[in-house]
Amino acid sequence: MADIPLSALEVAVVQADTRAVDTLRDTAAFAQELERLGYGRIWYAEHHHSPAIGAFPPVVLAAHAAASTSVIRLGSGGVLAPNHAPLMLAEQFGTLAALHENRIDLGIGRGPGTFDEATARALRRGAGPTTDAEYRDDIAAILSYLVDEVALGPLPEPWLLASSTSGATLAAELGLPVALAHHIRPDNTHAALDRYRAAFTPSRWSERPRVLVCVETICAETEEEAARLAGPMDVVKAGLLKGASEIPFPTPAQAAAHTFTAQERQALAGFRAQQATGTPETVVRRLTQLADETGADELMLTTPVYDFRDRVRSYELVMKNS
C-alpha cells in the first residue's frame, strides 16, 4: 500500500464530558501531527446542530490549520453547496488558496449537514431541498466564479463528494475529481465508481478520472483495543439505525456499558466489515484490499474515536505499517 497516498477526514467530534471549544483547540495540533506523519491532506466536514460534532465552518478550520503547518493540504470535505451562495464559497476558498498557495482543496457536497429539518431550512433561509438541476447549477457557478470573478491567483483544487451514482455522474460530467463516501454508504461505492469512470469528460480541473475513497479506520495495537475505541461510534450508529437524530458521542466506558440489540449488532458488524478496524496488520490488509478493489488514487481515513491521543495514534500506526 506504500504507493497509495493517505489523507484524513476530520469531523470534529465533540466528546461527552468535554466542551466544543476543547475539540476546536485540537485542530492545529492534529494538523501538525498528521503533517509530521506524512499524510497528504486533511479535510474538514460541515455539520450543524449536532450534539456529537462541532458546528465549525470548514473554511475556518482549514485557515487555522494552514497557519500552523507548512506542506499538508487542507480544505473541505465538504462544504455543502445548498447552504451557501456560490460566489461566497468561491471568494472564501479563493482567498484561502491565494494565502496558502497549492495547499487548499474545495471539496463540495450536497447534503444539509444536519438531521434537523428546522436547522436545514434555517441554513437555506427557508428554502426546501435542492433539486438535481439546482445543485448542478450551484457547482457550475462555484467553478465559474473561481476562474472569472475571484481570480486571485492560485486556485483551490475542486473535488465533488459523492455517495451515489448520481453524484458520481455529475462529477464525471464536470470533469472533477471525485471523493467517494465509502465510510457512509459503502454499498454504493463500486456502482458509483463504475459510473464515474465510464462517463468522465476531461476538463481544466482534471484530465483523467481521479478517485479518492474515504474509509472509517480505527487502528490500535490489539484487536480488543481497536474494538474498545470503536465502541462510542457504534453507539452513535445504533441510534441512527433507530431513526433517532444524532446523540452525544459517549466515552468508551459509557459505550462498553451500552446494550445493543441483535439486529443492531448484525448491522454494525456488516458495516465494520467494509471499513478498516483492528491491529495495524488487519487495517493495512483491509485498506490494501479496498484500494485494489476500487482502483483508488488516494485513501482518506476518518477515525471517530473519543480521545485525541488515540486518534493520532491510530493514524500513526497506519502510516508506519503501510
Side-chain angles (χ1 to χ4, degrees), residues 1-11 30-31 33-45 69 71-78 102-107 157-163 167-168 171-172 176-198 200 205-220 226 271-305 311-322:
M1 201 181 72
D3 58 340
I4 298 292
L6 298 178
S7 54
L9 173 66
E10 175 62 0
V11 295
F30 180 72
E33 289 290 340
L34 264 63
E35 182 174 72
R36 176 183 64 82
L37 292 170
Y39 281 83
R41 69 179 95 226
I42 302 173
W43 284 356
Y44 302 98
T69 54
V71 296
I72 194 167
R73 296 189 68 92
L74 299 151
S76 56
N102 297 322
R103 294 185 59 204
I104 302 302
D105 300 328
L106 172 54
E157 183 174 271
W159 289 74
L160 199 68
L161 277 59
S163 61
L176 292 175
V178 71
L180 267 294
H182 184 82
H183 66 300
I184 297 175
R185 298 176 71 181
D187 292 339
N188 290 351
T189 297
H190 291 289
L193 287 178
D194 289 345
R195 181 72 62 84
Y196 173 69
R197 290 187 172 115
F200 185 83
W205 308 108
S206 187
E207 295 179 354
R208 61 174 182 83
R210 291 178 60 200
V211 173
L212 178 154
V213 174
C214 187
V215 53
E216 185 175 298
T217 305
I218 299 176
C219 189
F271 177 84
R272 189 177 295 179
Q274 299 184 77
Q275 308 300 318
T277 300
T279 63
E281 180 182 7
T282 299
V283 167
V284 171
R285 181 173 60 247
R286 174 58 186 144
L287 292 176
T288 301
Q289 178 188 19
L290 187 59
D292 291 342
E293 290 175 352
T294 61
D297 298 288
E298 182 174 339
L299 294 179
M300 177 168 277
L301 317 184
T302 184
T303 304
V305 301
R311 189 160 77 255
V312 172
R313 180 60 175 161
S314 178
Y315 282 103
E316 182 178 31
L317 289 171
V318 174
M319 183 60 78
K320 285 186 175 181
N321 290 275
S322 296

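In this chain, residues are counted from 1 in sequence order. Heavy-atom basis, side chains included; hydrogens, waters and symmetry copies ignored.
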Output all residues satisfying side-chain contact (heavy atoms from CB on, under 4.5 Å) with [X], sequence neighbours left out; order by chain, then residue number.
| X | answer |
| --- | --- |
| Ser314 | Cys219, Thr303 |
| Leu160 | Ile108, Tyr135, Ile139, Leu170, Ala171, Leu176 |
| Arg313 | Glu221, Glu316, Leu317 |
| Ala31 | Ile42, Tyr44, Ala65, Thr69 |

Determine whether a donor-acceptor pair (N or O, by modelled atom type, separation under 3.5 Å) exists between the side chain of [X] and the backbone of [Y].
| X | Y | value |
| --- | --- | --- |
| Tyr315 | Tyr39 | no |
| Asp297 | Leu212 | no |
| Arg73 | Ile104 | yes |

Please, which pairs that meet salt bridge (Lys or Arg N to Asp or Glu O under 4.0 Å) have at least one residue in residues 179-194, sequence neighbours excluded? none
Inter- and intrachain pairs under salt bridge (Lys or Arg N to Asp or Glu O under 4.0 Å), touching residues 275-284, at least two apart: Glu281-Arg285
Minimum heavy-atom distance [X]-[Y], with the two atoms named:
| X | Y | value |
| --- | --- | --- |
| Ile218 | Ala226 | CG2-O, 3.8 Å |
| Ala162 | Ala168 | CB-N, 3.6 Å |
| Pro209 | Arg197 | CB-CG, 4.4 Å |
| Ala220 | Pro280 | O-CD, 3.2 Å |
| Val178 | Trp159 | O-CZ3, 3.5 Å |
| Val312 | Leu37 | O-CD1, 4.3 Å |

Full working for side chain to side chain contact (heavy atoms under 4.5 Å, CB included) between Ser206 and Phe200: CA-CA 10 Å; Ser206 187; Phe200 185 83; 4.1 Å; yes
Would you call [X] and [Y] a side-chain contact if the rule is heavy atoms closer than 4.5 Å?
| X | Y | answer |
| --- | --- | --- |
| Val211 | Thr294 | no |
| Ile4 | Leu287 | no |
| Met300 | Trp43 | yes |

Going through the distances and angles, do Gln275 and His182 end up as a side chain to side chain contact (heavy atoms under 4.5 Å, CB included)? CA-CA 8 Å; Gln275 308 300 318; His182 184 82; 3.7 Å; yes
Quick one: do the Gln289 and Arg286 side chains pair a donor with an acceptor below 3.5 Å? yes
Between atom [atom1] of [X] and atom [atom2] of [Y], what is the distance when rounded to the nearest 0.5 Å?
| X | Y | atom1 | atom2 | answer |
| --- | --- | --- | --- | --- |
| Leu290 | Gln274 | CG | CD | 9.5 Å |
| Thr279 | Asn321 | OG1 | CG | 8.5 Å |
| Asp105 | Ser76 | CG | OG | 7.5 Å |
| Arg210 | Glu157 | CZ | CD | 4.5 Å |
| Arg36 | Met319 | CZ | CE | 11.0 Å |
| Thr189 | Ile184 | OG1 | CD1 | 10.5 Å |

When you look at Arg311 and Glu10, which way does the side chain to side chain contact (heavy atoms under 4.5 Å, CB included) test go after all the steps? CA-CA 10 Å; Arg311 189 160 77 255; Glu10 175 62 0; 3.3 Å; yes
